[in-house]
Amino acid sequence: MPLGLRNKKKGKSKETSTLVEGEAPLARGRGDEEEDVVAAAASPPPQGPIRLVFHTQLAHGSPTGRVEGFASVRELYAKIADAFHIAPAEIMFCTLNTHKIDMDKLLGVQIGLEDFIFAHIKGLKKEVEVFKSEDALGLTITDNGNGCAFIKRIKAGSLIDQIKVICVGDHIESINGKSVVGYRHYEVAKNLKDLDKGQTFTLKLVEPMKSFEMIEPRSKGGSFAEGKIFRGKETLRLRSKGPATVEEMPSDVEEKATKKVDDLLEMYMGIRDLELAATMVEAGKGKNNPDEFAVALDEALGDFAFPDEFVFDVWGAIGDAVQGRL
């Protein structure tokens with residue numbers, strides 16, 4: 001039975017429009033004054049692409065800047081860095097609508113058109129020795145899409161949870177002296193998993209620069225956020241390949257499927273990645289069986305070499321979402 005998460009592919013219409021730089025009408029976000037409203041209402045509707053401008057601040061405190069004209073996370077980080085005269089590599093991750101280190105508010109592949117972007121930059125460096133007394137460390141790793149892998153969650157009661165100097169939001173810079181800067185989150189997770197049990201290893205970490213009382217709790221009961229993954233009537237969809245587009249909110253089916261696949265990524269690989277999960281859900285559209293889905297995944301994400309049991313579970317999760325069982 002086809003997955004049918006969407007009835008048809010979106011074209012260049014109200015639902016989807018390609019972003020380009022240029023002198024086009026400006027779509028204002030939160031905090032802008034409502035000027036020229038009467039004049040705009042009396043004028044013919046603007047033609048051409050909409051310029052999207054997002055407000056941004058450094059999370060530990062800064063004036064408000066504006067960024068526009070980006071089509072990927074990497075380009076967004078470069079724009080933010082330029083606005084605040086810092087190097088792009090100094091940005092560890094971004095949160096939406098909060099300056100706190102809140103892993104449920106991380107910037108992903110979708111940005112609501114009213115979202116305010118807070119950039120967390122590198123702060124204190126630290127070196128920690130860890131005795132691996134258990135196979136599982138209790139870490140969930142994610143990355144910013146720009147060469148910086150960091151800790152997204154520490155499982156309550158786990159080995160790492162007992163080492164209070166290691167915190168959610170810390171960038172993992174090296175493992176046993178081997179730099180992992182530029183590695184994807186799944187590569188860092190595999191390096192940690194492959195460490196021998198019963199041995200001591202060394203982590204070099206970098207904390208995000210903090211202001212007073214900006215840290216959320218280490219763990220929120222081990223469960224993912226219950227709210228919607230994406231917010232706003234329309235979102236900016238950033239793509240690793242191709243231009244960014246403005247799209248309507250994902251459907252409830254897509255949202256539930258993406259959330260479940262993200263749970264499976266953590267279970268099998270020790271990572272959280274909504275962009276990756278959404279890509280896998282998209283790969284399942286129109287596929288009639290697990291074999292077709294496996295081929296589509298291999299074409300889209302062959303570098304990951306997902307195990308067969310994981311692919312089968314993801315196929316089942318998507319099917320459960322379509323059938324209303326999630």
#### Entry: pair K178-N191: side-chain heavy atoms closer than 4.5 Å
yes
### Query
If we only count heavy atoms from C-beta on, is the F150 to D170 side-chain gap below 4.5 Å?
no
### Query
Do we see a donor-acceptor contact under 3.5 Å between the side chains of Y268 and D313?
yes
### Task
Consider only side-chain N and O atoms of E129 and T200, and report whether a donor and an acceptor are under 3.5 Å apart.
no
### Summary
Nearest heavy-atom approach of P208 to I101 is CG-CD1, 3.4 Å
### Task
Please name all residues satisfying side chain to side chain contact (heavy atoms under 4.5 Å, CB included) with D82, sequence neighbours left out, ordered by chain then number.
none
### Message
Do H55 and R66 make a side-chain contact, defined as non-hydrogen atoms from C-beta onward lying under 4.5 Å apart?
### Response
yes
### Message
I'd like to check K79 versus E68 (side-chain heavy atoms, cut-off strictly below 4.5 Å). Are they in contact?
### Response
no
### Task
Would you please indicate if the ring centroids of F310 and F312 are separated by under 6.0 Å?
no
Side-chain donor-acceptor pairs under 3.5 Å in residues 130-140, sequence neighbours left out?
unit_1 : atom_1 : unit_2 : atom_2 : d
K132   : NZ     : L192   : O      : 3.2
K132   : NZ     : K193   : O      : 3.2
K132   : NZ     : L195   : O      : 2.7
T140   : OG1    : E266   : OE2    : 2.4

### Message
Nearest 0.5 Å, please: how far is CD in E255 from CD in Q110?
### Response
10.0 Å
### Task
To the nearest 0.5 Å, tell me how far K256 NZ sits from D320 CG.
11.5 Å
